[in-house]
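As a basis for the values below, the full set of heavy atoms in this structure was taken, side chains included, without hydrogen atoms, waters or symmetry mates.
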Amino acid sequence: MVSVTDPERGESHDFSRVEDVNDDPYILAGSQPHDFWAESVADVIDKREPDDPIVIKGGISPSGVPHLGNMNEIARGYFVAEALRERGRTVRQIFTADDRDPLRKIPRKLADLDGNVVGLGEVDASALGRNLGKPYTAIPDPFGCCESYGAHFSNLIERSAELLEIPVETVSNTERYESGAFDDVIRHLLEHREQARNVLGQYQEKVDDDYIPFRPICAECGHVTETDAVRSVDLDAGTVEYVCTDVEAGEQTIEGCGHEGTATFHEGKLPWRFEWPAQWQVLGVDFEPFGKDHAEGSWPSGADITRTVLDDSPPVPMAYEWFTLDGEPFSSSAGHVIMVQDVLEFLEPEVLRYFFTKDPSRARDFSIERADQLVDEFDRFERTYFDEHAREDETMDEAGTAYPMIVEAASDRPIRLPYTFAAVLGMTDDSELREKMARRQEHIPEDASESAVEAALGRVEYARTWAERTDNAYNYRLATDLPDVSFGGDTRQALDELAGVVEAGHDGEEIQSEIFETAREHDLDPGDLFTAGYRLFFDTEQGPKLGPFLAELDREFVVRRLRREG
């Protein structure tokens, strides 16, 4: 028996009894039966004995920029899907675009299909401004490249998943409504609307006796009305009578046009608290991860509605903590975001995939500034996997389970240059010098194949982009040819002596100390000697910490340059 305790709630759950964890989204709280969290979740799903294909779902309402945090549900779902596939199960992973939702406010930033984040001044922002309150799929694409704003957003999600090599099927809510896929569940909810409002009233205020769980789309102005717009329901005809009323959107009011009309079940949508359970039933969802905001909000009501009103079972839930970006919350509307496309300019895909293997029950910060630390962590993770395979007992921990889901299985450990060393190599465009430096530092073995060397050096461009983006200590360019410089006699002698120190094979900190000592011996200001070094190597008067930098470079190259020989 494996018992899990939620420290925040003081509740204990027994993983051997599914009914104890059926509706609790905090299934990852406390100790787990497996080192890798996805295996523990797969256990809970397996115990329900679902039919194949097992359906895993995520979803989002289109708004602003689909950022890295939005990929949580897709990536987390993927690792659970892979854990199930390893057990011989067939899995269908779905991502619902909640594109029938109305646009409630204009975002500050948008993204084109290449993942470039732009301001509203760079697109047709009026396409949004004049369509507040309308479904995302009824709003023209501000970029003019897709059939709607909703379609544009879905394309971005699909491209992000493809870049992460996650096979996911995007489902449009609008298409589901218009095809009639929701008709039966809408009819059931409207037929049992008194029961539906009684259940919802336990979780949400302002659910009065007139509440109807349906929001018609006004045929006159195109707005998605509120539930108070419905005046009567005709179940036989599959229609509702409505009056277009005002819609509250945050701190503003979207005025209704007052139109009185009739809408079919295809011409409206369910309120979110009912739409989510409807999706589970219509799509046959077995598992869904979601943010902690839903865990304390719409999940409890959704699970209750599913069991009490729809006479069905909700999927296995899993609440995850949110990501932050450089210490601040992601904000799609405000533009404090980073997209998958953007991240993959400075991180290898396998490194980003590794980031999503981390325990979902803990908050994580994605730091661009500290991307080198994430890469180093991945490299250690990879080494652990190959070290485990080298052991005779074949005992596997988290790395042994998760690594094959991140990187296509390889018989040999890939050659990985340390990320900051790759950034040093990025200071030169000379590919031969890059390889020579890497070999001299023994980051590339003598017997490495040409393809392995090429793959290893591929990290250089990622690290170079990172240095440029963050403008850190590695954002300099090594002068390929000897700059046109001249120095006084004392400086020339000091540089020659420093060349001897480097030639003797001292490490970076020793070289750094020798720069100060050599300057004093020749009655030079140490700053002037450092400047001379920067002029020789960068043709500038400043640069990275010189000693460690020179130690990373090819030794023969450094000695020649310090002696002004080339």
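D184 and Q281 are not linked by any side-chain donor-acceptor pair at a separation below 3.5 angstrom, with hydrogens and angles left out of the test. Inspection of the Y78 and R353 side chains reveals an N or O donor paired with an N or O acceptor under 3.5 Å. Side chain to side chain, D99 and T137 fail the donor-acceptor criterion of an N or O pair below 3.5 Å. A donor and an acceptor atom, one from each side chain of D304 and Y203, are located under 3.5 Å apart.
For Y320 and W37, the gap between ring centers reaches or exceeds 6.0 Å. Ring pair F356/F323: centre-to-centre distance below 6.0 Å. For an aromatic pair to be called close, the ring centres must be under 6.0 Å apart, and Y149 with F143 fails this. Separation of the F182 and Y177 ring centroids falls under the 6.0 Å cut-off. Here F381 and Y354 bring their ring centres to under 6.0 angstrom of each other.
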- Query: So V171 and K57, side-chain contact (heavy atoms from CB on, under 4.5 Å) or not? Walk me through it.
  - Reply: CA-CA 10 Å; V171 174; K57 189 185 90 67; over 6 Å; no
- Test log, rule ring pair (Phe, Tyr, Trp, His ring centres under 6.0 Å), inputs W299 and W280: CA-CA 12 Å; W299 165 256; W280 298 335; 5.3 Å; yes
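Shown are Y385, F79, F36; of these, the ring pair (Phe, Tyr, Trp, His ring centres under 6.0 Å) with Y403 is made only by Y385.
Counting non-hydrogen atoms of neighbouring residues, nucleotides and ligands closer than 6.0 angstrom, the CD atom of E169 exceeds 12 such neighbours.
Ring pair H336/F330 is tilted by interplanar angle, where 30° to 60° counts as tilted.
Between V199 and S301 the shortest side-chain heavy-atom distance does not fall below 4.5 Å. Contact of the L283 side chain with the T96 side chain is registered, since non-hydrogen atoms from C-beta on lie closer than 4.5 Å. Side-chain contact between R130 and I139 is absent, with no heavy atoms from C-beta onward closer than 4.5 Å.
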